[in-house]
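Side-chain atoms are counted along with the backbone in the values below, which use heavy atoms only and exclude waters and symmetry mates. A, B, ... follow the sequence lines: proteins, then strands. Residue 1 opens every chain.
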Number of protein chains: 2
Amino acid sequence: MTPSPGRKKRSTILDVATVAGISRGTVSRVLNGEPYVSDEARVAVNKAIKEVGYVPNMAARNLVRQRSQAVGLLIHEPHALFLEDPNIGSIMLGANTVLSQAGYQMVCLIIDSELDVNRIGQYLNGGSIDGAIVISAGENDPITELIEQLAMASAFVGLPPNHRPLPFVSIDNKKAAAEITARLKASGRTQIGMIASALGRAAGADRLAGFEDALGSSYRPELVAMVEHFSFDAGIAGMRELLERCPTIDAVFAASDAVAAGALSVLQRIGRRVPEDIAVVGFDDSVWAQRTNPPLSTVRQPASELGAQAAELVLAQLRGEEINRGGVYLETSIVWRDSA
Amino acid sequence: MTPSPGRKKRSTILDVATVAGISRGTVSRVLNGEPYVSDEARVAVNKAIKEVGYVPNMAARNLVRQRSQAVGLLIHEPHALFLEDPNIGSIMLGANTVLSQAGYQMVCLIIDSELDVNRIGQYLNGGSIDGAIVISAGENDPITELIEQLAMASAFVGLPPNHRPLPFVSIDNKKAAAEITARLKASGRTQIGMIASALGRAAGADRLAGFEDALGSSYRPELVAMVEHFSFDAGIAGMRELLERCPTIDAVFAASDAVAAGALSVLQRIGRRVPEDIAVVGFDDSVWAQRTNPPLSTVRQPASELGAQAAELVLAQLRGEEINRGGVYLETSIVWRDSA
DNA sequence: TTGTAGGCGTTATCAA
DNA sequence: TTGATAACGCCTACAA
């Protein structure tokens, strides 16, 4: 272990210029690949750069350029969800790929306390990032307000809270929920229930709305259990509640795969056969879906594409382009496995 | 959607000073909570700050201070693992809590391509972060080399690659693996196999070493299946291989819970009862462990504590303190559930 | 094609 | 206790 000797002293453009025997201006031009530099100079500079181990100081560069060439990915999830939600990882990877290719550094900022909220406010406003991708902001999110006030380049994954008119990319949760519910109905089930989660967020509320829509007049409110999160544990609680309220229930639409997995575990424990006695479907087509027993029928959501498109949206704004009003909707599809 | 009008113009210290009717120096002193400022001035400055909506420009501040008050969390995982590994989320949360309380911004940087490697090299060296926490770097990792060369404040979660003498916090994989294997043996199993993963990394290699140690003379090489990753799919492959090589196998130590879950799915499909016919144990005590059927006996690893301690290690170096040579080891424990 | 010099927004040193 | 003023390292007109 080192006795923490402090970082090595970094060399500056001036060092490079001195070694190369030319002016700082020319060094800078080489650095930025500008035209009007003699090959001779270019070669000398590159040599000198290697020699002194020069790396540009970002703070100085950002200061004068008034931009950072970085985009933040803000993650604002309740603890439990953050650990479970496989979509987040895919979204991150998708966004990173796009930003990376455009020469932007993606920096993920996680918001997990009041302290974080303030600090990140500074980070956004202080010029450390040029734009932001926001994942799952809750209602009345202060960060969302800030982003709107600053009119900074941004893109939400999922609908922005409080219907703020901000750029976003999302799936149509309502439509997708209606589709899979309809399929359940078409397969002959008659007592179809739902474990609805996170009703405080658009994704949660819309899935319930789609469920209602699809059922129409046969919708029975007592067959809906409302739970807090899109989590396994919530699935357990929701399934128990449903069974208690209606023991003869023969189908369940769980608001997410994790919820469905929780529900399955309850059914398994009490000996209900899936799908013979009761059908279960989920939402997300996450890694969970293929690993439950039986594997889940579910709605496939293009998670990494959501991240990628959100990144594109931010980049477009950074380029000063007009962007499509009303947000971007990506297609979902139904994946039918054995659980229904 | 806004026509991307560009961000609002930010106000500077000078604006605040003008409004408050005093000099920039005093404003700066108020901002940094320094002594020797009259109450009168302090009040006037705070009022002016609100009035003009001032937020410090980080680039300028970082430039003059020569530090960024930010710590990077570098995630360098193969795609699949990143999406599955529940430890990563806990580590992130643990580290963020500590850094946040110390007034540091944690920024996660994900390394997923060659492009990323170069860009992040600049990010590290260019003064955008003061220190780095590194999760799961592979052998001959260029970023690790850079960190060592720069002698920058750092902490690895898990052992640093190539035995580089860098600060780290880890569990004792070998010891923990030996313990759970011994327990398996003590429970009367006689044909104990292992699905060993990620042998190219210390965590993977050490778990196998511990397994060998515990078995001693009864160790049988043919009862070890080597797989690439700590993943569900690898567990499937490994279990199949083991069954083929030794159909009478009666216990399996899987190198991670995800691997164990994959193994369980194979056993279930072919109708072997767990734990009656064959015992299965995992490693991590991740969310997977409690959700398999039967729930997994496994090694509990204090993931969020690993993140927290890594953060402390970085902070200590940033304060210029000497740090404990030889790294920090955290305790593990065995959690015995129903799978063995 | 190259050099010069002003300025980006803060902090920090020194007088006052 | 406060106000000038010189850095911090880089980019970018402008002049040469």
Side-chain angles (χ1 to χ4, degrees), chain A residues 6-46 48-49 52-70 122-128 130, chain B residues 6-46 48-49 52-70 103 122-123 125-128 130:
Chain A
R7 313 173 48 124
K8 249 177 210 162
K9 209 174 100 256
R10 282 191 290 260
S11 43
T12 73
I13 276 201
L14 182 56
D15 299 321
V16 176
T18 308
V19 169
I22 51 181
S23 78
R24 304 181 307 190
T26 302
V27 174
S28 177
R29 271 167 226 135
V30 172
L31 246 31
N32 297 296
E34 277 171 33
Y36 299 115
V37 183
S38 66
D39 287 345
E40 190 183 8
R42 202 177 299 277
V43 170
V45 168
N46 284 323
I49 286 177
V52 303
Y54 171 77
V55 173
N57 178 313
M58 292 301 180
R61 175 175 284 181
N62 293 349
L63 178 58
V64 63
R65 284 191 177 161
Q66 299 290 57
R67 61 194 166 80
S68 63
Q69 205 74 2
Q122 288 227 349
Y123 207 83
L124 292 189
N125 201 354
S128 295
D130 299 334
Chain B
R7 313 172 49 123
K8 249 180 210 160
K9 206 171 102 265
R10 281 191 291 260
S11 43
T12 74
I13 276 201
L14 182 57
D15 299 323
V16 176
T18 307
V19 169
I22 51 180
S23 77
R24 302 182 307 193
T26 301
V27 173
S28 177
R29 281 184 281 263
V30 172
L31 246 32
N32 298 295
E34 279 171 33
Y36 299 113
V37 183
S38 66
D39 288 344
E40 192 183 6
R42 202 179 299 277
V43 170
V45 167
N46 284 325
I49 287 178
V52 303
Y54 171 77
V55 173
N57 179 313
M58 292 302 180
R61 173 176 285 180
N62 294 350
L63 178 58
V64 64
R65 283 194 179 159
Q66 299 289 58
R67 63 195 163 79
S68 63
Q69 205 73 0
Q122 289 228 351
Y123 206 82
N125 201 354
S128 296
D130 299 333

Checklist outcome for this item: Output for pair (A/Arg29 CZ, A/Thr26 OG1), nearest 0.5 Å, gives 4.5 Å

Checklist entry - Do A/Ser11 and A/Val16 have side chains that get closer than 4.5 Å, going by heavy atoms? => result no

Item to check | d(CD, B/Gln66; C1', D/dG9) in whole Å | outcome: 8 Å

Next on the checklist: Output the rounded distance in Å from CZ (B/Arg61) to C1' (C/dA12).
Outcome noted: 13 Å

Item to check | Side chain of B/Leu63 - closest among D/dT2, D/dC10, D/dC8 | outcome: D/dC8

Checklist entry - Does B/Thr12 put a side-chain nitrogen or oxygen below 4.0 Å from OP1 or OP2 of C/dG9? => result no

Next on the checklist: Just to be sure I understand the rule, does A/Leu14 reach a base, reach only the sugar-phosphate, or reach nothing, if contact means heavy atoms closer than 4.0 Å?
Outcome noted: nothing

Next on the checklist: Does A/Ile13 reach a base, just sugar-phosphate, or nothing at all? Heavy atoms under 4.0 Å.
Outcome noted: sugar-phosphate

Checklist entry - Within this structure, what is the CZ-to-P distance between B/Arg24 and C/dT10, rounded to whole angstrom? => result 10 Å

Checklist entry - Hey, does A/Arg61 have a side-chain heavy atom less than 4.5 Å from the side chain of A/Asn32? => result yes

Checklist entry - Atom CG of B/Asp15 and atom P of C/dG9: how far apart are they, to the nearest Å? => result 9 Å

Item to check | B/Leu14 backbone acceptor or donor facing B/Thr18 side chain under 3.5 Å | outcome: yes

Item to check | Per B/Ala60 side chain, nearest of listed nucleotides C/dG9, D/dC11, D/dA6 | outcome: C/dG9

Checklist entry - Hey, does the side chain of B/Thr26 come within less than 4.0 Å of D/dG3's phosphate (OP1/OP2), counting only N and O? => result yes

Next on the checklist: Testing the basics here: between B/Leu63 and A/Ala59, what is the closest heavy-atom pair and its distance to 0.1 Å?
Outcome noted: N-CB, 3.7 Å

Item to check | Of B/Gly21 and B/Val64, the one whose closest DNA chain D nucleotide lies more 5' | outcome: B/Gly21

Checklist outcome for this item: Among the nucleotides D/dC8, D/dC10, C/dG9, whichever has the atom closest to the side chain of B/Asn57 is C/dG9

Checklist outcome for this item: CE (A/Met58) and OG (A/Ser128) are apart, to the nearest 0.5 Å, by 13.0 Å

Item to check | Any donor-acceptor N or O pair under 3.5 Å, side chains B/Ser68, B/Asn62 | outcome: no

Polar atom pairs (N or O), protein with nucleotides 13-16 of chain D, under 3.5 Å:
residue, atom, partner, partner atom, Å
D/dA13, N6, A/Arg29, NH2, 3.4

Checklist entry - Going by number, which of residues 31-44 of chain B have a non-hydrogen atom under 4.0 Å from DNA chain D? => result B/Tyr36, B/Val37, B/Ser38, B/Ala41

Checklist entry - Do A/Ser23 and A/Val27 come close enough that some side-chain heavy atom pair is under 4.5 Å? => result no

Next on the checklist: Let's see if you can work this out: which of D/dC10, C/dT11, D/dA4 has an atom nearest to the side-chain heavy atoms of B/Arg65?
Outcome noted: C/dT11

Checklist entry - Between atom CZ in B/Arg67 and atom C1' in D/dC8, what is the gap in whole Å? => result 14 Å

Next on the checklist: Quick check on D/dT2: is either OP1 or OP2 less than 4.0 Å from any side-chain nitrogen or oxygen of B/Ser23?
Outcome noted: no

Item to check | Rounded distance in Å - CG (B/Asn62) to C1' (D/dG9) | outcome: 13 Å

Checklist entry - Rounded to the Å, how far apart are A/Met58 CE and D/dC8 C1'? => result 16 Å

Next on the checklist: Could you check whether any side-chain heavy atom of A/Tyr54 comes within less than 4.5 Å of a side-chain heavy atom of A/Asp15, counting everything from C-beta outward?
Outcome noted: no

Checklist entry - Side chains of B/Ile49 and B/Leu31: does their closest heavy-atom pair fall under 4.5 Å? => result yes

